[in-house]
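So the structure is just underneath, and the comments pick up after that.
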Amino acid sequence: MNFPSLFSPLKVGPYQLKHRLALAPLTRMRAAKPSLAPRPLNTEYYAQRATPGGLLIAEASPVMATGFGAPGVPGIYTEAQTSGWREVVDAVHAKGGVIFLQLWHVGRVSHSSFQPGGVLPVAPSAVAIADLKTGTADGKAVPYETPRALETAEIPGIIDAYRQAAKNALKAGFDGVEIHGANGYLIEQFLQSHTNLRTDQYGGSIENRTRFLMEVTKAVIEVWGADRVGVRLSPYGIANGSGEPDPMPLYTHAIEQLNPLGLAYLHFIEPRSSGTGRAEVNRQNVPSAMVLFRPIWKGVLITAGGFTGETADAAIRDGLADMIAFGRIFISNPDLPRRLQHGFPLTPYNRATFYGGEEAGYTDYPEHDELEKA
Ligand SMILES: Cc1cc2nc3c(=O)[nH]c(=O)nc-3n(C[C@H](O)[C@H](O)[C@H](O)COP(=O)(O)O)c2cc1C
């Protein structure tokens, strides 16, 4: 039997990919202001990272105005945002790439200064993120506010926003969408017991806490068909105040619910990396999402978190994952697939330019060949 490698082809939904190295979704906070529409600089960034038959997962994009918690994040709920994304998608397609968009609502990971009308952010329950600071719209570091718990009657409106955003992504020409159910944001706040104290059908039992994820996923599938929809989860994550005391029963149930839908893929964030990249965290001796959940998930499995070319290739050869998404080293190496394939040295990334700004640390990282010529 021939075991696949990082450079073996892979079918994801209807797409025949040429290699197994994806661009992880990466928030870069460089959309146009105040429209929060992607602009030519963003198009250039994605086009630089596109390869024939390679999968890019575009950054988390709020599905509605209450879904933001940071400045300069692109949305996917207005016409201007949809046409900005169309330019990105066309440029990636021109290079033969495949591009999915990550759909986002931050829930409590926000501040009232980002909310329409300056009201409190919404969440499953009125539980603030303790011990962490957030930024206001004018850049001050402040403690998180206690969010407002959503009324049961408001939840269908949020699911509708995901549905409409999925339609916008379709109109923008994307090849699929990924539902952001990871890193402590709204969907994960519903999933996990410490952030979901609800007593209605969306809280309490594991079945009830999984309901919001499933309703969002089914709404998006109605628009796209299941084979062009992915879901991202971070079962052992610690980002943005996450942390389920015993993730195994919760995530086993969620994955068993997702299994029969026939999704394009399930995408994990391995808990050994920080998840959001705000600090250099490489936790040792932590559980591995792919090791624990690979036997439960029946479809294509993508995972991310601190991989190198060697460890990514090993994970695929060992059958632990089908595809590896790269975040930080894909930021600083626009031609990452080629560099890993040929063993070329990697350019280190500059954390200071991850979030916000212009070209510096975004579109000015050279390709290997440019470095050779220099
Ligand atoms: C700057 C930055 C922004 C990120 N933004 C997102 C995001 O929008 N959505 C998401 O699911 N994960 C996000 N992540 C997590 C990455 O997708 C990825 O899982 C993480 O960086 C681990 O992969 P790596 O070790 O290859 O960087 C972000 C990470 C970084 C460093």
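Both counts, for ligands and for their atoms, begin at 1 and track the order of listing.
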So which heavy atom on [X] is nearest to which on [Y], and how close?
{"X": "Arg232", "Y": "Phe268", "result": "NH2-O, 3.9 Å"}
{"X": "Ile296", "Y": "Asn259", "result": "O-ND2, 2.9 Å"}
{"X": "Val109", "Y": "Tyr144", "result": "CG1-OH, 3.5 Å"}
{"X": "His267", "Y": "Pro25", "result": "CE1-CD, 3.8 Å"}

Counting from 1 in the order shown, the ligand 1 atoms closer than 4.0 Å to a non-hydrogen atom of Phe354 are 1 (C), 31 (C)
Could you tell me, atom by atom, which parts of ligand 1 come under 4.0 Å of a heavy atom of Phe326?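 The list of qualifying atoms is 26 (O).
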Do Phe212 and Leu186 come close enough that some side-chain heavy atom pair is under 4.5 Å? yes
Decide whether an N or O pair under 3.5 Å exists between [X] and ligand 1.
{"X": "Phe307", "result": "no"}
{"X": "Ala304", "result": "no"}
{"X": "Tyr355", "result": "no"}
{"X": "Glu178", "result": "no"}
{"X": "Ala24", "result": "no"}

Part of Trp104 within contact of ligand 1 (heavy atoms, under 4.0 Å): neither
What part of Asn183, side chain, backbone, both or neither, has a heavy atom within less than 4.0 angstrom of ligand 1? side chain
Are Arg148 and Glu154 within salt-bridge range, i.e. N to O under 4.0 Å?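 Salt bridge between Arg148 and Glu154, a charged N being under 4.0 Å from a carboxylate O: yes.
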Can we say Asp322 and Arg294 salt-bridge, meaning some charged N sits less than 4.0 Å from an Asp/Glu carboxylate O? yes
Is the NZ or CZ atom of Arg28 both under 6.0 Å from the centre of the six-membered ring of Tyr362 and within 45° of that ring's axis?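 No, a cation-pi geometry is absent between Arg28 and Tyr362.
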Given Arg28, His180, His267, Arg232, which one has a non-hydrogen atom that is nearest to atom 19 (O) of ligand 1? Arg232
Please verify whether a non-hydrogen atom of Ala182 lies at under 4.0 Å from ligand 1. no
